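These notes are about the structure you will find just below.
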Number of protein chains: 2
Amino acid sequence: MSTITSTFAQSDSSKIILVIHGGAGTILKKNMTPEKEKAYHDKLEEALLAGYNQLKSGKTSTEAVKAAINIMEDSPLFNAGKGAVYTNKETQEMDASIMRGSDKNAGAVAGVSTIKNPIDAAIAVMEKSEHVLLTGAGAEEFAASQGVEIVDTSYFRSDVRHKQLKRVQEKEKMVLDHDGDQGSVDSSEDEFNIDYIEDKKFGTVGAVALDNQGTIAAGTSTGGMTNKRYNRVGDSPIIGAGTYANDFAGISCTGHGEFFMRNVVAYDVCALMEYKGLTLEEATAEVIRKQTEIGGSGGLIGLDKNGNVAMPFNTAGMYRAYITENGTMFIGIYGQ
Amino acid sequence: MSTITSTFAQSDSSKIILVIHGGAGTILKKNMTPEKEKAYHDKLEEALLAGYNQLKSGKTSTEAVKAAINIMEDSPLFNAGKGAVYTNKETQEMDASIMRGSDKNAGAVAGVSTIKNPIDAAIAVMEKSEHVLLTGAGAEEFAASQGVEIVDTSYFRSDVRHKQLKRVQEKEKMVLDHDGDQGSVDSSEDEFNIDYIEDKKFGTVGAVALDNQGTIAAGTSTGGMTNKRYNRVGDSPIIGAGTYANDFAGISCTGHGEFFMRNVVAYDVCALMEYKGLTLEEATAEVIRKQTEIGGSGGLIGLDKNGNVAMPFNTAGMYRAYITENGTMFIGIYGQ
């Protein structure tokens, strides 16, 4: 976690209008098959194009964020929606949030188990309620009342994710037996923990878009941590921590949520730009440096009002991609 | 909501070491009886002294915040703990958070119904878990496992608060009938809405302390909004929005939570101090000005590392108090 990788692109004739991520973590080329790599690449491209088509047809940045995130939520490849990880109780508890920069309106849901696309519920909270954050059964009731698609919990069942849960539980038991500490796992320990992190905190998805009205929107959707207990909620549904957008920039984060909450990472990027005059590239590099300092692994995507993009992370890799106004795409998986 | 009142005190020979609030809202002298005023005054003094005694005996700022907030949580006068307001389902759903500035560790609980002192559960999350935010039944299960006091839900039953719920429901029905809008209530409308606001969003408690190690801790505890639905969660349990502490300052907010979430108010004070070099007084005045701008009524208390205090609000009044190292107290209720 000592190296920070950042893909930064300055806008010129063709603005970047959509940037997405599918999670940061221990993504190493040696652990990938060409087939798996292609599957991720294709799905990121599909998500990019879904959002791009919204923007090109004059839709809002919120609609583009929804379209891009829906593709990733509907795929088993990412830890969000269909691919959401299992909790300790063998259920799914998903979180999502959205924020629109022009009026700083925001919506979020936390701990929902029956909403097919949690980002849709977050958008309904933003657009159809006076609230910002609804949780659990109440959030589901509200979402249903707004026509958001509800599914049976069996929709989220997955053998792959269930096996992942069992692996994580076995490893946590080993850690417990080893040092009697319920809380921390030393991520500096080689292979054992590389797997642990890969299984446990991986695959949150997010998107940030800039529309032809100059409005930025940012959204994030996640299944949280494998084997999580006590209805734990991470940074993804927290406005300021996992998601933020204003007139300066839009940010969506991914990584070890608790550290992103303590440093209010998404808003911190905007504050550094507004109050210290940093560029998006400088501000995002600074917050990831601060995350590294406190031991918070992960990354983020950011897009500013001029169409500059930054995608820094301190993990081995981050699924990330952007598309410019004229349709040029960048898709990346590994670090440097 | 056009006037901003701020009690600001510069530290000199005797540092301010504890500041508390019991909520901001439509508190007008003409609506108060001398008995009610005395009851609030006495309870704020009791809370101040409880925290002060912790600090004077060498305890941490976290322990002082706990002691002060516990007194207010145990009183029916405030919308937290014993005095928590009713939800639409005639239950209580309480939220609390704590943050320690020295290591920026934090803990929070949201939507808990059986924890006598929600701030104690937040402290347990901070000190005994690797998490920041636990919610609902899971938060209660974790709190119980850590020895935090659990009570039967009948503990929170209150005729006064139940009548308040019925009044709010009646008024919301009138608002609905009037303009067919489920969401917003125009708070600029006379007496009708003054009562409405007083009933609905009033009485969150909070405390910020500075201990003899120079560590700042900030905490907030609330019952949320009367008649709230859909497991709505406001700013109080959100690190960055309702509560924040670092080496610059500690902040606890009270008011219309959604607006405090959208502006990430508590962290914004710290960002303005760190990145723009503003003083605590300047930074807190700026964030309350921004709240007024977007229609967010409320206030906050802040304490910096030098023992300066600020207590700005844009409502008619805010229950607020501080105590200095040598025991001098200030207790305020109304605005200017």
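Just so it is clear: chains get the letters A, B, ... in the order the sequence lines come, proteins before strands, and each one is counted from 1. Everything numeric here is computed off the predicted structure, so don't read it as measured data.
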Decide side chain to side chain donor-acceptor pair (under 3.5 Å) for S97(A) and T220(A); before the verdict, give the C-alpha distance in whole Å, the side-chain angles of both, and the deciding distance to 0.1 Å. CA-CA 5 Å; S97(A) 64; T220(A) 310; 4.5 Å; no
T87(A) and R229(A): side-chain contact (heavy atoms from CB on, under 4.5 Å), yes or no, with the steps? CA-CA 7 Å; T87(A) 70; R229(A) 274 182 285 198; over 6 Å; no
What residues of [range] make heavy-atom contacts with chain B at a cutoff under 4.5 angstrom?
| range | result |
| --- | --- |
| residues 112-122 of chain A | none |
| residues 283-290 of chain A | K290(A) |
| residues 231-239 of chain A | N231(A), R232(A), V233(A), I238(A), I239(A) |

Would you say the side chain of [Y] lies within less than 4.5 Å of the side chain of [X], judging by non-hydrogen atoms?
| X | Y | result |
| --- | --- | --- |
| D268(B) | N263(B) | no |
| R100(B) | D103(B) | yes |
| N314(B) | Q291(B) | yes |

Residues T315(B) and S297(B): side-chain donor-acceptor under 3.5 angstrom: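 No, no side-chain donor-acceptor pair sits under 3.5 Å.
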Under a 3.5 Å cutoff, is there a donor and acceptor pairing between the side chains of S61(B) and T215(B)?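 Result is no, nothing qualifies.
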Straight-line distance of T222(B) OG1 to E93(B) CD, nearest 0.5 Å: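 That separation rounds to 12.0 Å.
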Hey, could you give me the CG/OG distance between D247(B) and S102(B), rounded to the nearest 0.5 Å?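 If we round to the nearest 0.5 Å, D247(B):CG and S102(B):OG are 7.0 Å apart.
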For F260(B), which residues count as a ring-ring contact (aromatic ring centres under 6.0 Å, His included) partner, sequence neighbours excluded?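 Per chain and number, F260(B) pairs via ring-ring contact (aromatic ring centres under 6.0 Å, His included) with no residue.
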Kindly give the heavy-atom pair with the smallest separation between [X] and [Y], and that separation in Å.
| X | Y | result |
| --- | --- | --- |
| I98(B) | T62(B) | CD1-CG2, 4.3 Å |
| Y244(A) | N246(A) | CE2-ND2, 3.9 Å |
| A218(A) | V208(A) | CB-CG2, 4.0 Å |

Kindly say whether G223(A) contributes a backbone atom to a donor-acceptor pair with the side chain of N79(A) at under 3.5 angstrom?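 Yes; at least one donor-acceptor contact below 3.5 Å.
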By a 4.5 Å heavy-atom criterion (distance strictly below it), what part of K228(A) contacts chain B: side chain, backbone, both, or neither?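 For K228(A), no heavy atom lies under 4.5 Å from chain B.
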Under 4.5 Å from a heavy atom of chain A, the part of [X] involved:
| X | value |
| --- | --- |
| A137(B) | both |
| L272(B) | both |
| F259(B) | neither |

Determine whether the aromatic ring centres of residues Y275(B) and Y275(A) are separated by less than 6.0 angstrom.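 Centroid separation for Y275(A) and Y275(B): 6.0 Å or greater.
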Determine the option with the most heavy-atom pairs under 4.5 angstrom with chain A, choosing from M261(B), R262(B), E274(B).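 Among the listed options, the one with the most contacts to chain A is R262(B).
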